Amino acid sequence: MESGHENKYMISFYSSNVDVFQYNKVFSNSENKRLFIKAWNLLESFRLGELPTHQVFDIEKLSKYIVITEIFGASHGNVWFNLRFYYNPITSLLEPIGFDGMAGTEMKLIVENLSSTIDPMFYDLVFNDTLFVQAHIKHLKHFSQPNYLDNLFSIISEEHN
């Protein structure tokens, strides 16, 4: 049985339009239009379960993005309708662009409201790829090291002051 959140996400994930920024600029140039169509086909093939995560996304960048948004309480940006991607024409893969993360949410609140901050349809497909899971675990271990975080917060604190 689906909760209201899962139903909302399923509708969003499977029925939302894939859009492009600067539509007129992209579609007035045949090369840009061709690249958009390639990116669109990749994303649609992923949503339909026809291609695994590592054939659609740069898994190093996507796994880092997800880990960092989780560490900084910015997982609101991981909800399907908040996700933004760049199609890299060199690698022919999609790369995440940070957007609308609402950083700073306390971890306790994220855990308590897990079903409302994680998009199950997107996550289920992403984490269904062993290569992605391996990259995610590697980055989770790296970015959650106390020394890494202490150094990062020290740098941020100095820049902030």
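Counting from 1, the numbers follow the sequence of the chain as shown. Only a predicted model underlies this, so the values are computations on that prediction, with no experimental measurement involved.
Atom CG in Asn128 sits 7.5 Å away from atom OG1 in Thr53 (nearest 0.5 Å). Expressed to the nearest 0.5 Å, how far CD of Gln134 lies from CD1 of Ile137 amounts to 7.5 Å. Between His139 atom NE2 and Ile68 atom CD1 the span is 8.5 Å, to the nearest 0.5 Å.
Between the side chain of Asp58 and the main chain of Leu94, no donor-acceptor pair closer than 3.5 Å is present. No donor-acceptor distance shorter than 3.5 angstrom exists from the side chain of Ser63 to the backbone of Phe132, with no hydrogens or angles considered.
Linking ILVMFWY residues whenever their side-chain heavy atoms come closer than 4.5 Å, directly or via other members, leaves Leu93 and Trp40 in distinct clusters.
No side-chain heavy atom of Arg84 sits less than 4.5 Å from a side-chain heavy atom of Pro96. Put simply, the side chain of Glu95 does not reach to within 4.5 Å of the side chain of Leu62, judged on heavy atoms. Under the 4.5 Å side-chain criterion, counting only non-hydrogen atoms from C-beta, Leu51 is in contact with Leu42.
Put simply, the residue from Phe57, Tyr65, Phe46 that forms a ring-ring contact (aromatic ring centres under 6.0 Å, His included) with Phe85 is Phe57. Results of the side chain to side chain donor-acceptor pair (under 3.5 Å) test with Glu60 over His54, Lys138, His136 single out Lys138 as the only residue that passes.
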Go through the steps for Leu43 and Tyr87 under the test side-chain contact (heavy atoms from CB on, under 4.5 Å), then give the verdict. CA-CA 10 Å; Leu43 197 53; Tyr87 176 73; over 6 Å; no
Tabulate below the donor-acceptor pairs under 3.5 Å that side-chain atoms of residues 142-153 make, not counting sequence neighbours, or state none.
unit_1 : atom_1 : unit_2 : atom_2 : d
Ser144 : OG     : Leu140 : O      : 2.5
Gln145 : NE2    : Lys141 : O      : 3.2
Asn151 : ND2    : Asn147 : O      : 3.2

